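Working notes, structure below.
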Amino acid sequence: MSKQLLIYNNISPVSSEAHRDWSIQIDNHAFAEGLNSVPLLATEITSVARELPVIFAKTQDDGGFVPLAVMGLKKGQNLFLDEKKRLTLRYVPGFLRRYPFAFANDGKSDNFTLCIDDQFEGWSKDGSKGKRLFTETGEQTEELKGVMEFLKDYQYRAELTNVFCKRLSELELLEPMEANIKLKDGQEGGGFNLTGFYVVNREKLKKISDEDVLDLFKKDGLELIFSHLQSMQNLNALVNKYSEQSKEAA
């Protein structure tokens with residue numbers, strides 16, 4: 001079965017009738033094992049940039065852009081899971097923290113439905129383990145109310161992220177980049193190339209008008225851009241991490 005939204009297997013609406021007795025317990029992040037990158041909210045870029053490379057990728061649906069945190073150099077590779085499948089990141093992106101919950105809509109209205117990945121292994125359908133979604137009378141528990149508030153905030157910030165990325169595109173600041181990854185000790189023939197991602201062009205940034213610079217500054221866009229550019233230095237640490245794990249696996 002193909003994944004929905006990268007890590008979701010089967011999304012279904014939540015209801016007090018169908019999920020009255022369900023509870024959840026998240027012990028690890030095994031659901032993120034096959035992710036080499038994860039979508040970011042614009043407001044997360046500064047936090048993530050301290051540890052991971054932050055790049056931009058084109059979206060398949062509308063040709064826009066989305067910021068991504070890079071967690072691996074190969075498809076299906078996440079370099080930041082420990083032996084117990086727990087993320088070792090200092091800051092875990094909201095895209096992962098919201099799992100196995102998500103908002104969904106039909107694309108025809110602004111109404112969103114709370115959904116879950118009902119195949120997540122952390123569910124206890126008899127409520128015997130973890131935190132319940134509903135009370136015995138069918139009311140939302142504090143746990144589920146907290147999830148709803150988190151998802152509402154996430155959706156709001158996702159819309160701001162779209163605005164930020166659209167502005168970068170309008171100013172023609174994003175350009176495709178290719179990284180030549182060189183490995184030590186002759187691993188994998190010495191290296192490989194990373195393609196298909198975009199970064200802000202520093203020279204183009206210097207040439208935008210003073211009015212556009214002020215607009216970006218007042219909307220915190222400049223801070224996000226510089227955090228993104230600075231984050232590219234984390235690529236070397238990612239390469240070293242990849243080499244170390246490759247040696248251990250050999």
Side-chain angles (χ1 to χ4, degrees), residues 6 35-80 89-96 154 156-184 188 190-243:
L6 295 179
L35 291 182
N36 67 342
S37 64
V38 61
L40 293 177
L41 300 171
T43 51
E44 296 181 304
I45 290 177
T46 301
S47 297
V48 173
R50 300 187 181 101
E51 190 172 9
L52 300 173
V54 175
I55 61 172
F56 292 86
K58 273 194 173 181
T59 56
Q60 296 180 352
D61 51 356
D62 58 4
F65 291 89
V66 60
L68 299 175
V70 182
M71 300 186 297
L73 300 177
K74 293 285 190 176
K75 184 178 180 179
Q77 174 197 67
N78 187 336
L79 296 171
F80 292 87
L89 296 170
R90 292 191 294 271
Y91 178 88
V92 177
F95 182 86
L96 298 177
Y154 186 95
Y156 169 72
R157 293 176 187 273
E159 293 170 1
L160 295 179
T161 302
N162 290 336
V163 172
F164 171 64
C165 291
K166 184 178 180 180
R167 188 59 178 148
L168 295 183
S169 181
E170 290 172 346
L171 294 172
E172 299 182 344
L173 294 177
L174 295 170
E175 67 172 8
M177 180 180 176
E178 179 176 319
N180 183 19
I181 305 300
K182 294 184 178 180
L183 303 175
K184 299 178 181 179
E188 297 201 19
F192 51 89
N193 292 331
L194 291 180
T195 60
F197 64 96
Y198 292 74
V199 298
V200 170
N201 183 302
R202 289 177 180 269
E203 296 306 314
K204 288 183 178 180
L205 180 61
K206 294 176 183 178
K207 293 178 181 179
I208 65 175
S209 69
D210 291 348
E211 181 181 357
D212 288 330
V213 169
L214 182 60
D215 180 64
L216 283 173
F217 172 74
K218 288 189 173 183
K219 295 177 180 177
D220 297 325
L222 281 183
E223 179 184 2
L224 300 181
I225 289 173
F226 289 132
S227 293
H228 148 65
L229 291 171
Q230 186 72 17
S231 78
M232 297 309 293
Q233 295 185 17
N234 293 324
L235 192 57
N236 288 331
L238 203 62
V239 172
N240 291 336
K241 195 174 187 68
Y242 173 83
S243 296

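Note that the structure is a prediction, hence the values are computed from the model and not measured.
Remark: Glu178 CD is packed, more than 12 non-hydrogen atoms of other residues, nucleotides or ligands lying under 6.0 Å away.
Put simply, the residue from Leu40, Val48, Ile55 that forms a side chain to side chain contact (heavy atoms under 4.5 Å, CB included) with Leu68 is Ile55.
Formation of a donor-acceptor pair under 3.5 Å by the Asn36 side chain with backbone atoms of Val70 is not found in this model. The closest donor-acceptor contact from the side chain of Asp220 to the backbone of Glu223 lies at 3.5 Å or more, if one exists at all. In this structure, the side chain of Ser169 does not engage the main chain of Cys165 through any donor-acceptor pair within 3.5 Å. Proximity of a side-chain donor or acceptor of Ser37 to a complementary backbone N or O of Ala69 within less than 3.5 Å is not detected. A distance-only check finds a donor-acceptor pair linking the side chain of Gln77 to the backbone of Leu73 [under 3.5 Å].
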Audit row: Phe65, Tyr198, ring-ring contact (aromatic ring centres under 6.0 Å, His included) steps and yes/no = CA-CA 9 Å; Phe65 291 89; Tyr198 292 74; 5.1 Å; yes
I would like to know whether Leu168 and Ile225 meet side-chain contact (heavy atoms from CB on, under 4.5 Å); could you show each step before the answer?
-> CA-CA 9 Å; Leu168 295 183; Ile225 289 173; 3.7 Å; yes
Pair Val38-Met71, side-chain contact (heavy atoms from CB on, under 4.5 Å): steps then yes or no | CA-CA 8 Å; Val38 61; Met71 300 186 297; 4.1 Å; yes
Quick one: do Ser227 and Leu224 satisfy side-chain contact (heavy atoms from CB on, under 4.5 Å)? Show the steps, please.
-> CA-CA 5 Å; Ser227 293; Leu224 300 181; 5.7 Å; no
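Counted by atom type alone, Ser209 and Asp212 present one or more donor-acceptor pairs between their side chains at under 3.5 Å.
Residues Glu172 and Lys204 come closest through the heavy atom pair O-CD, 3.1 Å. Here the shortest heavy-atom pairing between Val200 and His228 reads N-NE2, 3.0 Å.
Atom CZ of residue Arg202 and atom CD of residue Glu175 lie 11.5 Å apart, to the nearest 0.5 angstrom. The NZ atom of Lys219 sits 12.0 Å away from atom CG of Leu222, with the distance rounded to the nearest 0.5 Å. Atom-to-atom distance recorded for Glu44:CD and Arg157:CZ is 8.5 Å, nearest 0.5 angstrom. In this structure, CG on Leu216 lies 5.0 Å from CD1 on Ile208, to the nearest 0.5 angstrom. From Arg90, atom CZ reaches atom CZ of Phe80 across 9.5 Å, with rounding to the nearest 0.5 Å. To the nearest 0.5 angstrom, Phe226 atom CZ is 13.5 Å from Ile45 atom CD1.
Residues Val199 and Phe56 form no side-chain contact, since every pair of their non-hydrogen atoms from C-beta on lies 4.5 Å or further apart. Using a 4.5 Å cut-off on side-chain heavy atoms (C-beta onward), Leu205 and Leu171 make no contact. At a threshold of 4.5 Å between non-hydrogen side-chain atoms, the residues Pro93 and Pro39 do not count as touching. In this structure the side chain of Leu89 reaches within 4.5 angstrom of the side chain of Glu51, judged on heavy atoms.
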